[in-house]
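The basis for the numbers below is simple: all heavy atoms, side chains too, and nothing from hydrogens, waters or symmetry mates. First listed ligand is number 1; within each ligand, the first listed atom is number 1.
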Amino acid sequence: MTKKLLPAQAFRKLAALYADMQDAYVRHAGSLGLTCDNCPDNCCTSYFQHHTRIEWAYLLQGLSELPPERRAEYERRARAYVREAGDALARGERPHIMCPLNDDGRCGVYMHRLMICRLHGVPNRLRYPNGRSVDFPGCFRSQELCASADSFPVLDRTALYTRLMELEVQFVGPGKIRSLPRVDLTLAEMIVQGTPQS
Ligand code: SF4
């Protein structure tokens with residue numbers, strides 16, 4: 001039977017899962033010939049929602065380990081991001097705003113960054129239990145490489161995502177997971193809202 005884990009146990013398992021995601025990404029990027037070197041774009045302006053409390057809590061744990069001034073600056077940027085994203089959405093536009101944790105191209109919480117930050121770049125696929133599957137094309141460079149290739153590898157992230165959802169249940173507690181509202185937040189909203197209810 002699934003048991004609720006202590007946060008430290010859940011975070012250790014999440015770190016191991018993130019390492020596996022990293023390995024899968026490196027393998028796929030390598031076989032595609034994809035590198036981020038000299039890229040004129042920055043994926044960290046992509047507008048994404050995230051859906052698990054365990055990633056949210058782990059992100060906040062990473063932030064809590066930073067010096068107070070740096071954390072305060074990230075929190076200030078996160079509030080600005082939420083305001084600007086809201087304005088863009090009100091205009092009917094998809095927000096295109098730099099992540100509040102990005103410092104001149106470098107991630108301020110690299111070890112604690114979220115699943116989508118880790119896998120977004122390469123073509124990837126998510127298969128659902130009902131048989132539906134959704135393909136994500138990867139970053140613009142990846143799309144250019146794939147367009148000129150006869151065939152290309154697609155990272156099936158179903159097993160990685162399944163492990164993340166299993167960990168989410170263990171983090172929140174199997175008896176509680178269904179009673180909580182669905183998480184559907186940008187990283188900036190997670191920072192502004194603070195510790196997730198669990
Ligand atoms: S958390 Fe880090 S990797 Fe993810 S979007 Fe922000 S700066 Fe980029």
Item checked: Pair Glu55-Tyr18, side chain to side chain donor-acceptor pair (under 3.5 Å): steps then yes or no -> CA-CA 10 Å; Glu55 287 200 285; Tyr18 278 162; 2.5 Å; yes

Next item on the list: For side chain to side chain contact (heavy atoms under 4.5 Å, CB included), just list the numbers for Lys13 and Ile54, CA-CA rounded to whole Å, side-chain angles, deciding distance to a tenth of an Å, and then say yes or no.
Entry: CA-CA 11 Å; Lys13 285 176 176 257; Ile54 185 169; over 6 Å; no

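- Contacts with ligand 1 closer than 4.0 Å are made by side-chain heavy atoms of Leu187 only, the backbone lying farther away.
- Of all the atoms in ligand 1, the ones that sit under 4.0 Å from a non-hydrogen atom of Arg113 are 3 (S).
- Salt bridge Asp103/Arg77: present, at least one basic N to carboxylate O contact under 4.0 Å.
- For residue Cys44, no N/O/S atom approaches atom 4 (Fe) of ligand 1 to within less than 2.8 Å.
- Aromatic ring pairs are classed by plane angle as parallel below 30°, tilted from 30° to 60° and perpendicular above 60°; the pair His120 and Phe48 is perpendicular.
- Ion pair Glu73/Arg76 flagged as a salt bridge, since at least one NZ, NE, NH1 or NH2 atom sits closer than 4.0 Å to an Asp/Glu carboxylate oxygen.
- At the top of the distance list for atom 2 (Fe) of ligand 1, counting protein heavy atoms only, stands Cys107 SG, 2.3 Å.
- Taking every heavy atom of Asn102 and a limit of under 4.0 angstrom, the matching atoms of ligand 1 come to 7 (S).
- The pair Arg163-Asp20 counts as a salt bridge, with a side-chain nitrogen and a carboxylate oxygen less than 4.0 angstrom apart.
- The distance from ligand 1 to the heavy atoms of Cys117 drops below 4.0 Å at these ligand atoms: 1 (S), 3 (S), 4 (Fe), 5 (S).
- Here Cys99 reaches atom 6 (Fe) of ligand 1: one of its N/O/S atoms is less than 2.8 Å from the metal.
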